[in-house]
Amino acid sequence: MVAAPVPARLTNTALLVLVATALVTGTLAFGLGTAPGRIVVVTHAIAGTGLLVLSPPKGHIVRRGLARQRSSRGVSIALLVFLVVTLTSGFAHAAGMWRLMFGLTTMQIHVAAAIASGGLVVWHVIARPQVPRPTDLSRRSAVRGGGVLAAAGAVWLATEGAFSIARTRGAARRFTGSHAIGTDEPARMPVTQWFDDAVPDGSLDAVVTVRDARGARRVPVADIDTVGDRVRATLDCTGGWYATQDWRGASLQRIVEARPEDRSLVVTSVTGYQRRLPIEALPALLLATRVGDAPLSRGHGAPLRLVAPGRRGFWWVKWVVELRTDAAPPWQQPPFPLT
Ligand SMILES: Nc1nc2c(c(=O)[nH]1)N[C@H]1C(S)=C(S)[C@@H](COP(=O)(O)O)O[C@H]1N2
Ligand SMILES: [Mo]
């Protein structure tokens, strides 16, 4: 008996669901700082693997479509290329190739190609609309969908298993998917900025301006340095690596005093880079002057950087020049920095 071929419409619908899932979980994964978020990263990996599982049937559909010589063919080919780059870089990152050339990490290429793919998928859905039929919601479709998920799950498990057996770098990833680079060796830890920020050169004032319940004042870095509060915390960059270090400085609870109406703390860098944190986070936050046994290097934020345990790297503002408590709620900012 020969199984009936799966209608192209169903393959396309399944692909759309997987792409949407991958985009949503990928975005959420960037905000993840704590272990329960692992499920988001696993879902992301399985959605990506599902795209791979469906690539043979989709290959037929694509070949048929390209043969029709539509004028928008070029856009479809661009979408295909971006998707291939997105999937390849995703798997390469998982396998352990976290850094590529030209100063870009595999993860940065993955994200850039994914954003481009996402935009082109929206175009594709509008340009090649697909009308679902009532019969699509059949038991048979559900079984097929389940089959795709089971296959994706199995391939994902087998891949992770192969990484462990081969002891690739991919085997030792954190729950966020990041690779360990430079734990307890701050000198080996990459220096990185969110988007277009740069390490400031020239001398920086060894003082931080604090605006809180006690008014505005300037606190010398030397005073913060002598406090000697310590915290062991993991800097986990969305670029795809993490490092755990002993950070030293002063707990923000000692430095900042919130007014009753304050709901957030705005931390600003000399570069203008800024994050707004919930005021309840004060006791957990550290203003660091040192990492390991040495003073911070300029690249890692000297003279002062924020250490935000349980939060991704983009919260760890470097070259801090101002701490300001504010009545606005902490979510009153873009979820990810814009520059
Ligand atoms: N001023 C400033 N601070 C910043 C950034 C930035 O772009 N500008 N990038 C953040 C990001 S995305 C990360 S991962 C960490 C990297 O810290 P490191 O360079 O010490 O490894 O710094 C954070 N602090
Ligand atoms: Mo980062």
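First listed ligand is number 1; within each ligand, the first listed atom is number 1. Numbering of residues begins at 1 and proceeds along the displayed sequence.
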* Asked: Is the closest N or O pair between Ser269 and ligand 1 shorter than 3.5 Å?
  -> yes

* Arg305-ligand 1 polar pair, N/O distance under 3.5 Å ->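 There is such a contact, yes.
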
Among all protein heavy atoms, pick the one closest to [atom] and tell me residue, atom and distance.
{"atom": "atom 18 (P) of ligand 1", "value": "His300 ND1, 3.4 Å"}
{"atom": "atom 23 (C) of ligand 1", "value": "Gly313 O, 3.2 Å"}
{"atom": "atom 3 (N) of ligand 1", "value": "Lys318 N, 3.0 Å"}
{"atom": "atom 16 (C) of ligand 1", "value": "Thr192 O, 3.4 Å"}
{"atom": "atom 8 (N) of ligand 1", "value": "Asp197 OD2, 2.7 Å"}
{"atom": "atom 24 (N) of ligand 1", "value": "Trp316 O, 2.9 Å"}
{"atom": "atom 7 (O) of ligand 1", "value": "Trp194 N, 2.8 Å"}

Number the atoms of ligand 1 from 1 as they appear, then name those within less than 4.0 Å of a heavy atom of [X], with their elements.
{"X": "Pro190", "value": "18 (P), 19 (O), 21 (O)"}
{"X": "Cys237", "value": "14 (S)"}
{"X": "Phe314", "value": "10 (C), 11 (C), 12 (S)"}
{"X": "Thr271", "value": "1 (N)"}
{"X": "Gly299", "value": "19 (O)"}
{"X": "Val191", "value": "19 (O)"}
{"X": "Trp241", "value": "21 (O)"}

* To do: Check each of Ile46, Val41, Ile39 against Thr43 using the side chain to side chain contact (heavy atoms under 4.5 Å, CB included) test, and report the only one that passes.
  =>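 Exactly one candidate clears the test, Ile39.
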
* Of Gln332, Arg263, Arg276, Glu261, which meets side chain to side chain contact (heavy atoms under 4.5 Å, CB included) against Asp326? -> Arg276

* Strictly under 6.0 Å, is that where the ring centroids of Trp247 and Trp316 end up? -> yes

Side chain of [X], backbone of [Y]: donor and acceptor closer than 3.5 Å?
{"X": "His93", "Y": "Gly177", "value": "yes"}
{"X": "Lys318", "Y": "Thr192", "value": "yes"}
{"X": "Ser264", "Y": "Ala328", "value": "yes"}
{"X": "Thr34", "Y": "Pro36", "value": "no"}

* To the nearest 0.5 Å, tell me how far Leu296 CG sits from His300 NE2. => 8.5 Å

* To do: Quick one: pull up OG1 in Thr238 and CG in Leu32 and give me the separation to the nearest 0.5 Å.
  => 11.5 Å

* Asked: Taking atom 4 (C) of ligand 1 as the point of reference, which of Tyr242, Trp319, Tyr273 owns the nearest heavy atom?
  -> Tyr273

* Asked: Taking everything shown except Phe195 itself, do over 12 heavy atoms lie less than 6.0 Å from its CZ?
  ->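 For Phe195, atom CZ is not crowded (no more than 12 foreign heavy atoms under 6.0 Å).
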
* Asp212: which of Arg254, Arg217, Arg324 passes salt bridge (Lys or Arg N to Asp or Glu O under 4.0 Å) ->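 For Asp212, the salt bridge (Lys or Arg N to Asp or Glu O under 4.0 Å) check succeeds only for Arg217.
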
* Asked: Between Leu235 and ligand 1, which part of the residue brings a heavy atom under 4.0 Å of the ligand: side chain, backbone, both or neither?
  -> side chain

